[in-house]
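Please read the structure below before turning to the comments.
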Amino acid sequence: MRQQLALSDFIFSVANDNAYQQLTRESGGGWTNVERFGQKPLSQFTGLPLQTISLNGQVFGSDGVQQMHYLRAMQAEGKPYQLMDFNGNDLGQWKIMNIQEQQKYVIDDGKPMVIEFTLALEEFAN
């Protein structure tokens, strides 16, 4: 099966009806400026900060609620997960920092047909 991304055993893919449309990855430079009286600030490298990834996508169909519950259960475990990209490259371990969902096209029994989600991940370093 083709995948976009795998967070442990949670696979983001078109085939699973939980594809993401946008991935934003932020990698800070690790520089800070120290203010000095009467002079320009002193730039100092303090070490690289943790990277972050934000995924925006949609889950389709009535099983979307279960997929969101599964992600929240992973988050509640309080541990980092291995992240693999579409080429099988190991991106290291990442923490689930935030899950946001918006349910749309809710049918008469309360099931949403579309769930738009944003998943915020932060690199885990130990």
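Side chains included, hydrogens not; waters and symmetry mates left out as well; all remaining heavy atoms used.
- The two atoms that bring Asn33 and Ser43 nearest to each other are OD1-OG, 3.1 Å, heavy atoms only.
- Residues Phe86 and Leu83 do not share a hydrophobic cluster, defined by chaining ILVMFWY side chains whose heavy atoms lie under 4.5 Å apart.
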* To do: Could you walk me through whether Ile96 and Leu7 pass the side chain to side chain contact (heavy atoms under 4.5 Å, CB included) test, one step at a time?
  => CA-CA 10 Å; Ile96 300 174; Leu7 182 63; 3.9 Å; yes
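- Using a 4.5 Å cut-off between side-chain heavy atoms of Ile, Leu, Val, Met, Phe, Trp and Tyr, with links allowed through other members, Phe60 and Val106 fall into different hydrophobic clusters.
- If you take CD on Gln100 and CZ on Phe117, they are separated by 11.5 Å, rounding to the nearest 0.5 Å.
- One finds the NZ atom of Lys79 at 6.5 Å from the OG atom of Ser8 (value rounded to the nearest 0.5 Å).
- In this structure, Gln4 contributes its side chain and Tyr20 its backbone to a donor-acceptor pair below 3.5 Å.
- Among residues two or more places apart in sequence or in another chain, the side-chain contact (heavy atoms from CB on, under 4.5 Å) test is passed with Gln39 by Arg36.
- A distance of 11.0 Å separates CE of Met68 from CD of Gln66, quoted to the nearest 0.5 Å.
- Every side-chain contact (heavy atoms from CB on, under 4.5 Å) that Gln102 has, sequence neighbours left out, goes to Lys104, Glu116.
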* Evaluate the criterion side chain to side chain donor-acceptor pair (under 3.5 Å) for residue pair Tyr70 and Asp63; output intermediate values, then yes/no. => CA-CA 11 Å; Tyr70 188 78; Asp63 69 334; over 6 Å; no
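- Using a 4.5 Å heavy-atom threshold, the side chains of Val59 and Glu101 count as separate.
- By the side-chain contact (heavy atoms from CB on, under 4.5 Å) test, Asp90 pairs with Gln82, Met84, sequence neighbours left out.
- Side-chain atoms of Asn87 do not come within 3.5 Å of backbone N or O of Asn89 as any donor-acceptor pair.
- Remark: Asn56 engages Gln22, Ser54, Thr118 in a side-chain contact (heavy atoms from CB on, under 4.5 Å) (not counting sequence neighbours).
- Leu50 and Met97 end up in different hydrophobic clusters when Ile, Leu, Val, Met, Phe, Trp and Tyr side chains are linked at under 4.5 Å.
- Between Val65 and Lys111 there is no side-chain heavy-atom pair separated by less than 4.5 Å.
- In this structure, the separation between CD1 on Ile99 and CD on Gln75 is 4.0 Å, given to the nearest 0.5 Å.
- Summarising the geometry of Met74 relative to Tyr81, their closest heavy-atom pair is O-OH, 2.8 Å, with the distance given to 0.1 Å.
- Taking Phe45 as the reference, Trp31 meet the ring-ring contact (aromatic ring centres under 6.0 Å, His included) condition, with sequence neighbours excluded.
- Put simply, the side chain of Pro41 does not reach to within 4.5 Å of the side chain of Val34, judged on heavy atoms.
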Please report, to 0.1 Å, the donor-acceptor pairs under 3.5 Å made by any side chain of residues 119-126, with sequence neighbours excluded.
| unit_1 | atom_1 | unit_2 | atom_2 | d |
| --- | --- | --- | --- | --- |
| Glu122 | OE1 | Lys95 | NZ | 2.7 |
| Glu123 | OE1 | Gln51 | N | 2.9 |

